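A short write-up of the structure that comes next.
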Amino acid sequence: MEQSMDYGKERVVALVDMDCFYVQVEQRINPELKNKPCVVAQYKTWKGGGIIAVSYEARAHGVTRNMWADDAKKLCPDLQVARVRESHGKADLTHYRDASVEVIEVMSRFAVIERASIDEAYMDLSASVKQRLRSIEDVQIEPHLLTSTFVQGYPQATTSQDKTEDAMLDNDAVRLKGLGQWLASLPPTTQMDSADLQLAVGAIIVEEMRAAVEQCTGFQCSAGISHNKVLAKLACGLNKPNRQTVLPLSSVTQLFSSLPISKIRNLGGKLGASITETMEVENIGELAKFTQGQLAQHFGVKTGQWLYDLCRGIEFEPVKPRQLPKSIGCSKNFPGKTSLATKDQVQHWLEQLALELEERLIKDRDMNGRVAKLLTVGVRLAGETKPSSYSRCCALARYEASKISTDSYAIIKSLNCAGNHQQAWSPPLTLLHLSASKFSDAPTASYGGGFLSE
DNA sequence: TCATTATGCCGCT
DNA sequence: TAGCGGCAT
Ligand SMILES: Nc1ncnc2c1ncn2[C@H]1C[C@H](O)[C@@H](COP(=O)(O)OP(=O)(O)OP(=O)(O)O)O1
Ligand SMILES: [Mg+2]
Ligand SMILES: [Mg+2]
């Protein structure tokens, strides 16, 4: 019964993440790129462009994101390089945003989803699982329903001889052995409150969802299925690409005993580093030896409680029912010698950004029936290292590029220290960023210009 | 020549 | 609320 559901196992949560997403988008556009070492790079003139997505074939040669394409070619001479489209003098991510919408629309047929990034979404499958369990007639769940599923922690290798024997089998044979072991350990499907049984049914639903995504879009993906968002995200990465991983809570202790803190979502930065330094621990599981009070003392009550639960595999962040982005933005860097040092240059690039923003806002209004009310302008000044050194906002009343750009110029004008009569802009700008947010429902098409009455 | 780019969400004050 | 900073893809 629900009231006896084990603590931390109340929900079934999945995270689906597309495999080398921008590469797959380019490969669908140009099928000659399929099954080859391939990257997506933006821009060309500087060292062949910066790589932002890498096929698994290219990864095998050591090619990574953030590498310059010219450098990647040295590691992999046969590397295929697809280019991000350029519009208004800047990178244009439209193809990938559109592909993302295709994927999310398929996933939304199966569950309420949270768009977590351009290529991944969380879903809370708890209700669907319970419904599905009621309709299952077989007493046991058959492995053929879970053909791309790994179960973390299985097969349970107890002796070093077990491990040696598993190493003799091919990858899929080990997967199947583990899956079979785990399924055999589950109670009959009438035992609907079993947390692991619920994970198994969640995994069936996700198998079906991923098959539908591939059939409808041609794109492959991976997934994690567990009891919360952090575990689902972690599980998703364990058997990429084109596979999904169930992470039962009972497998967390062993997994966490050697899992670097930085592998946990939100702990990949300064907080994670400070945990390692202050508590003198490397792995997330080691945090279980501290009391809530100790963790709260060092990291604050909220973060302390989050860590206390998390190192035991427990987390409660809800899956938010949200398919659409909450902001629409565009930005461009002007590094080194290309920094913007005249008023005309600043105006020109604000116009280019405003043109892209206008196009995307109009499409968003037409597709989603909403309008943004706030315009934020951000800049970085030459010499600054932070991503944005200054930001100001103003009302966004009209979807009109010329107004967006002049308003943007007006609210950053005061940053220019050069004389009023000069053409110069100083200090030079190395980043411009425009973003629209605070969405409301769009006015309907009926006449809305009446005064005090409609 | 120095150049990791273009995004997007959330918490703190 | 505005603006900043952190963390992420
Ligand atoms: N730092 C970045 N800068 C720009 N674009 C990025 C960055 N990180 C990721 N992207 C884009 C390109 C990716 O194809 C897409 C999804 O990111 P991500 O899921 O982390 O990797 P991926 O989908 O390319 O490979 P994987 O199979 O490992 O998931 O988002
Ligand atoms: Mg991905
Ligand atoms: Mg991703």
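So that the names make sense, note that chain A is the first sequence line, chain B the second, and so on, each numbered from 1. These figures come from a predicted structure and were not determined experimentally.
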Between [Y] and [X], is there a side-chain donor-acceptor contact under 3.5 Å, judged purely by atom types and distance?
X	Y	value
A:Y96	A:E26	yes
A:S222	A:R243	no
A:Q42	A:R83	no
A:Q347	A:S405	no

Work out how far the C1' atom of B:dC10 is from that of C:dT1, and round it to whole angstrom.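 Roughly 16 Å separates the two C1' atoms.
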
If we take the P atom in both B:dC2 and C:dT9, what is their distance in whole Å?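 It comes out at 31 Å once rounded to the nearest Å.
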
Only one of A:E315, A:E120, A:E317 clears salt bridge (Lys or Arg N to Asp or Glu O under 4.0 Å) with A:K229; which?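 With A:K229 as partner, A:E315, A:E120, A:E317 yield a single salt bridge (Lys or Arg N to Asp or Glu O under 4.0 Å), made by A:E317.
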
Between A:F316 and A:Y7, is the ring pair (Phe, Tyr, Trp, His ring centres under 6.0 Å) condition met? List the steps. CA-CA 11 Å; A:F316 299 108; A:Y7 187 64; 5.7 Å; yes

Rounded to whole Å, please give me the gap between [atom1] in [X] and [atom2] in [N].
X	N	atom1	atom2	result
A:W68	B:dT1	CH2	P	16 Å
A:M67	B:dT5	CE	C1'	16 Å
A:H95	B:dA6	NE2	P	18 Å
A:I52	B:dT7	CD1	C1'	10 Å
A:Y96	B:dG8	OH	P	15 Å
A:L361	B:dG8	CG	P	11 Å
A:K337	B:dC2	NZ	P	7 Å
A:R83	B:dT5	CZ	P	15 Å

Identify which nucleotide among [options] has an atom closest to any side-chain atom of [X], counting heavy atoms from C-beta outward.
X	options	answer
A:K90	B:dT5, B:dT7, C:dA2	B:dT7
A:S331	C:dT9, B:dT7, C:dC7	B:dT7
A:P335	B:dA6, B:dG8, B:dT5	B:dT5
A:C330	B:dA6, B:dT7, C:dG3	B:dT7
A:R392	C:dG5, B:dT5, C:dC4	C:dC4
A:E120	C:dT9, B:dG8, B:dT5	C:dT9
A:R97	B:dT7, C:dT9, C:dA2	B:dT7
A:N266	C:dC7, C:dT9, C:dG3	C:dC7

Between protein and nucleic acid, restricted to nucleotides 9-13 of chain B and to nitrogen or oxygen atoms under 3.5 Å apart, what atom pairs and distances do you find?
unit_1	atom_1	unit_2	atom_2	d
B:dC9	OP1	A:K326	N	2.4
B:dC9	OP2	A:S327	N	3.2
B:dC9	OP2	A:S327	OG	2.7
B:dC10	OP2	A:K326	NZ	2.8

Which is true for [X] with a 4.0 Å heavy-atom rule: it touches a base, it touches only sugar-phosphate, or it touches nothing?
X	result
A:N66	base
A:L432	nothing
A:Y390	sugar-phosphate
A:G269	sugar-phosphate
A:L267	sugar-phosphate

side-chain hydrogen bond (donor to acceptor under 3.5 Å, both in side chains): which pairs involve residues 245-262 of chain A, sequence neighbours left out?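 Pairs touching residues 245-262 of chain A that pass the test: A:N239-A:T245.
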
Carboxylate-amine/guanidinium contact A:D364 A:R370, below 4.0 Å: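 A salt bridge links A:D364 with A:R370.
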
Quick check: on DNA chain C, is the nucleotide nearest A:L374 upstream (toward 5') of the one nearest A:P387, or the reverse? Name the residue that is more 5'.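 Closer to the 5' end of DNA chain C: A:L374.
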
Any [X] side-chain N or O less than 4.0 Å from OP1/OP2 of [N]:
X	N	result
A:K270	C:dC7	no
A:R65	B:dA6	no
A:N333	B:dA3	no
A:Y43	B:dA3	no

A:W349-A:F334 aromatic ring centre distance below 6.0 Å: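 Ring centres of A:F334 and A:W349 closer than 6.0 Å.
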
